[in-house]
Amino acid sequence: MPTVADVREKAGDEPITMLTAYDAPTAAIVEEAGIDVILVGDSVGNTALGYESTLPVTAADIHRHVGAVSRATEEVLVVADMPFLSFGVDRSESIRTAGRMLKEADADAVKLESGEHTVELTEQLTAIGIPTMAHLGLTPQHVNQLGGFSRQGTTEEAAERILELARAHEAAGAFSLVLEHVPSTLARTVTEAIEIPTIGIGAGPDTDGQVLVVDDVVGLSERPPPFARRFGDVRSETKAAIEGFRAAVESGQFPADERDSAEEGVEGP
Ligand code: KIV
């Protein structure tokens, strides 16, 4: 079983790889491909649930998707993203919701979009055995305050605040830190300043690891962020397969013979 200690040990030796996944078949592929960490991100709101932002995603949504990912994997560390309003209002409710991600959905750790308000919570979660990943820089749950999804930490003051929060979350016990959409110089400074691994997304090459949304990586997203890179074209492949099915049905080519007949007991190609 993978542990947060394995992830911490890898830092500095080899780059840590993290991808999101939200369902069992994708999670199994991500694990087979040798990725270290699966984040069941609240990005499920945009990728799978059809929302314009991550704000409507609930703890129950994440819980269900974490269960699917955990059932399909054994070797990869599964991190449950705590969605908007599942923490930060009532302390004991936040801790219980995080704990249920491990106790019931079989996550190995949780991630919190972080700020001053998550330092104590990180300490408490860590103290009772809930490994916690921090997340600084662009934190999409704050979109209404930030006024969009622009790069963060671009002024001296903002960069200093991110550095201070990184130190505070390390001291509170966070086992790693996601740095999203910040200048690469800042990501390097933070990575050098703290011992826990940093995992960057749109933060340049100098973090201890990299994370992307799996839909962006495989080429399924319609509007990937500017810092994502596409390594495949699943969208075109899927469309071509579906059009092939439609054309075959409409032209009478499918089903064609015994091979396509369930009565013959043949289940697949
Ligand atoms: O929800 C998510 O996918 C994330 C990553 C972008 C880090 O938080």
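We count ligands from 1, going down the list as the structure has it; atoms in each ligand are counted the same way.
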Exercise. State whether a side-chain donor-acceptor pair under 3.5 Å links Asp216 with Ser221.
Key: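 A donor-acceptor contact under 3.5 Å links the two side chains.
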Practice problem: Verify whether one side chain among Thr26 and Asp23 offers a donor that lies under 3.5 Å from an acceptor in the other. | Solution: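 There is such a pair (donor and acceptor under 3.5 Å, judged by atom type) between the side chains of Thr26 and Asp23.
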Does [X] reach ligand 1 with a nitrogen or oxygen that is under 3.5 Å from one of the ligand's nitrogen or oxygen atoms?
X	result
Asp81	yes
Thr20	no
Ser43	yes

Quiz item: Do the ring centers of Phe227 and His181 come within less than 6.0 Å of each other?
Solution: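 Yes, close enough.
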Quiz item: Side chain or backbone of Thr54 under 4.0 Å from ligand 1, or both, or neither, by non-hydrogen atoms?
Solution: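 None of Thr54 does.
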Exercise. Examine the proximity of ligand 1 to Val44 and report which part, side chain or backbone, both or neither, has a heavy atom under 4.0 Å away.
Key: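 Near ligand 1, Val44 shows nothing, with every heavy atom at 4.0 Å or more.
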Quiz item: Taking the six-membered ring for Trp, are Tyr22 and His65 parallel (under 30°), tilted (30 to 60°) or perpendicular (over 60°)?
Solution: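 Ring orientation, 0 to 90° scale: perpendicular.
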Practice problem: For atom 1 (O) of ligand 1, find the nearest protein heavy atom and state the residue, atom name and distance (0.1 Å precision). | Solution: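 Ranking protein heavy atoms by distance from atom 1 (O) of ligand 1, first comes Asp42 OD1, 3.0 Å.
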Find all atoms of ligand 1 within a distance of less than 4.0 Å from any non-hydrogen atom belonging to [X], and give their numbers and elements.
X	value
Ile201	6 (C)
Leu39	2 (C), 4 (C), 5 (C), 7 (C), 8 (O)
His135	8 (O)

Is [X] salt-bridged to [Y], cutoff N-O under 4.0 Å?
X	Y	answer
Arg151	Glu180	no
Glu243	Lys239	yes
Glu170	Arg167	no

Quiz item: Would Lys111 count as a contact of ligand 1 if the rule is a heavy atom under 4.0 Å away?
Solution: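 Checking ligand 1 against Lys111, which is what was asked, there is a heavy-atom contact under 4.0 Å.
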Quiz prompt | Within-shell test, Glu113 vs ligand 1, heavy atom, strictly < 4.0 Å | solution =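 Contact check Glu113 vs ligand 1: negative.
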Exercise. Scan Val40, Val79, Thr122, Leu102 and name whichever one has a side-chain contact (heavy atoms from CB on, under 4.5 Å) with Val110.
Key: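 Only one of Val40, Val79, Thr122, Leu102 forms a side-chain contact (heavy atoms from CB on, under 4.5 Å) with Val110, namely Leu102.
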